[in-house]
Amino acid sequence: MLIKNQEHLTMEGISKIVAIKASMNIGLSDELKSAFPGIIPAQRPKLLNCQIKDRPPTQFVLGADPN
């Protein structure tokens with residue numbers, strides 16, 4: 001939605017994108033940390049009881065030949 005609404009073209013929009021990046025995997029690089037020192041990582045939703053219901057066949061996961 002940020003890009004669709006062209007919010008990424010403003011400093012506030014860029015800050016929102018950097019906050020999302022800060023909350024993902026390895027966070028921000030040192031360069032981004034110095035460029036955006038006051039960024040607070042965006043809150044990630046908590047997933048409770050997350051289960052995969054339709055699992056693929058075991059052969060597919062193991063890479064085995066189904067024949």
Side-chain angles (χ1 to χ4, degrees):
M1 288 302 267
L2 289 171
I3 294 173
K4 185 176 181 180
N5 295 336
Q6 296 189 352
E7 291 180 54
H8 68 291
L9 301 175
T10 65
M11 231 8 231
E12 184 179 337
I14 291 293
S15 295
K16 287 180 184 179
I17 292 171
V18 174
I20 293 168
K21 165 76 172 120
S23 68
M24 296 171 60
N25 298 333
I26 59 173
L28 298 178
S29 66
D30 291 335
E31 188 174 352
L32 280 174
K33 285 178 188 175
S34 64
F36 297 91
I39 292 296
I40 299 171
Q43 291 292 322
R44 294 176 76 167
K46 292 185 186 327
L47 300 176
L48 303 174
N49 299 326
C50 183
Q51 297 177 0
I52 299 173
K53 294 184 180 186
D54 297 323
R55 294 178 18 191
T58 307
Q59 295 85 3
F60 174 77
V61 175
L62 296 176
D65 184 7
N67 295 328

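Residue indices begin at 1 and follow the sequence shown.
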Provide the closest heavy-atom pair for Lys16 versus Glu7 in the form atom of the first, atom of the second, distance.
NZ-OE1, 3.0 Å
With rounding to the nearest 0.5 angstrom, report the CG to OG distance, Leu28 to Ser23.
9.0 Å
Euclidean distance, Lys21 NZ relative to Ile26 CD1, rounded to 0.5 Å:
5.5 Å
Is there a path from Met11 to Val18 through hydrophobic residues (I, L, V, M, F, W, Y) whose side chains come within less than 4.5 Å of each other?
yes
Specify the closest pair of heavy atoms between Ser15 and Ile39, including all atoms of both residues, with the distance to one decimal.
O-CD1, 3.7 Å
Let me see the working for Leu2 and Ile20 under side chain to side chain contact (heavy atoms under 4.5 Å, CB included), right down to the final yes or no.
CA-CA 11 Å; Leu2 289 171; Ile20 293 168; 4.2 Å; yes
Let me know which of Thr10, Ile3, Leu9 forms a side-chain contact (heavy atoms from CB on, under 4.5 Å) with Gln6.
Leu9
Rounded at 0.5 Å granularity, tell me how far CD1 in Ile17 sits from CG in Leu32.
11.5 Å
